[in-house]
Amino acid sequence: MADNARAKKLADLIREVVAEKLQRGIKDPRLGTHVTITDTRVTGDLREATVFYTVYGDDEDRASAAAGLESAKGILRSAVGRAAGTKFTPTLSFVADALPENARTIEDLLDKARASDEQVREASSGATFAGEADPYKKPGEDEAAE
């Protein structure tokens, strides 16, 4: 088993090599400038690497980018093997990162919370206290009342 530092170092190298190769080395029009590598994770035995990516565009662009990455998997693995210099080059698997969808969901929830806060603010704008303005007793008030 490799230590976590070595796996992290290899994951960073894979991310850089794959991103560089996608930008400059692969002429597939499905990949182009639409694909961004967001993260890479390597298993503890350094045999498998998962590359997370995002695609700028609609569902059709995402599907074509996934097909392009699958077809370029061998070229990318060869480039990683040359750069890494390890005994065994990890197999690459590409996973679409759910980051944009999660961010959109969070933004929607924040918008709902802002709208709810605004409703509460509007409802309480003309409200008054149920009792006195200051319901707490102060020292000496009871003695003055007697």
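Summarising the geometry, atom OH belonging to Y53 is positioned 9.5 Å from atom CZ belonging to R62; distances are rounded to the nearest 0.5 Å. In this structure, CD1 in I37 is found 11.5 Å from CD1 in I14, a value given to the nearest 0.5 Å. Rounding to the nearest 0.5 Å gives a distance of 5.5 Å between CG of L22 and CG of L76. Separating the OG1 atom in T36 from the CD atom in Q23 is a distance of 10.0 Å, to the nearest 0.5 Å.
For residues 70-81, the salt bridge (charged side-chain N to carboxylate O under 4.0 Å, His left out) pairs, not counting sequence neighbours, are E70-K73.
Contact check on D117 versus R114 returns no salt bridge, with no Lys/Arg side-chain nitrogen under 4.0 Å from an Asp/Glu carboxylate oxygen.
Here R82 pairs with nothing under the side-chain hydrogen bond (donor to acceptor under 3.5 Å, both in side chains) rule; sequence neighbours left out. Every residue meeting the side-chain hydrogen bond (donor to acceptor under 3.5 Å, both in side chains) condition with D39, not counting sequence neighbours, appears here in chain and number order: R41.
Taking the side chain as every heavy atom from C-beta outward, V51 and V95 never approach each other to under 4.5 Å. Two residues are said to be in side-chain contact when any heavy atoms from C-beta on lie closer than 4.5 Å; Y56 and V35 fail this criterion. Residues T91 and R47 have side chains not in contact (no heavy-atom distance under 4.5 Å, counting atoms from C-beta outward).
Side-chain contact check for T38 and D97: at least one donor-acceptor pair (N or O, by modelled atom type) lies under 3.5 Å.
When every heavy atom of V17 is checked against every heavy atom of A83, the shortest pair comes out as CG2-CB, 3.6 Å.
Residues V42 and L13 fall within the same hydrophobic cluster, defined by Ile, Leu, Val, Met, Phe, Trp and Tyr side chains chained together at heavy-atom separations under 4.5 Å.
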Self-check item: salt bridge (charged side-chain N to carboxylate O under 4.0 Å, His left out) evaluation trace for E107 with R104
Solution: CA-CA 5 Å; E107 284 298 321; R104 193 174 312 117; over 6 Å; no
Exercise. Give the intermediate values and the outcome of salt bridge (charged side-chain N to carboxylate O under 4.0 Å, His left out) for residues D12 and R15.
Key: CA-CA 5 Å; D12 290 342; R15 187 181 69 240; 3.2 Å; yes
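Each of T43, T40, L46, L10 was scored for a side-chain contact (heavy atoms from CB on, under 4.5 Å) with P90, with one residue passing: L10.
Around atom CD of E118, more than 12 heavy atoms belonging to other residues, nucleotides or ligands sit under 6.0 Å away.
With hydrogens and angles ignored, the 3.5 Å screen pairs no side-chain donor or acceptor of S116 with any backbone N or O of K112.
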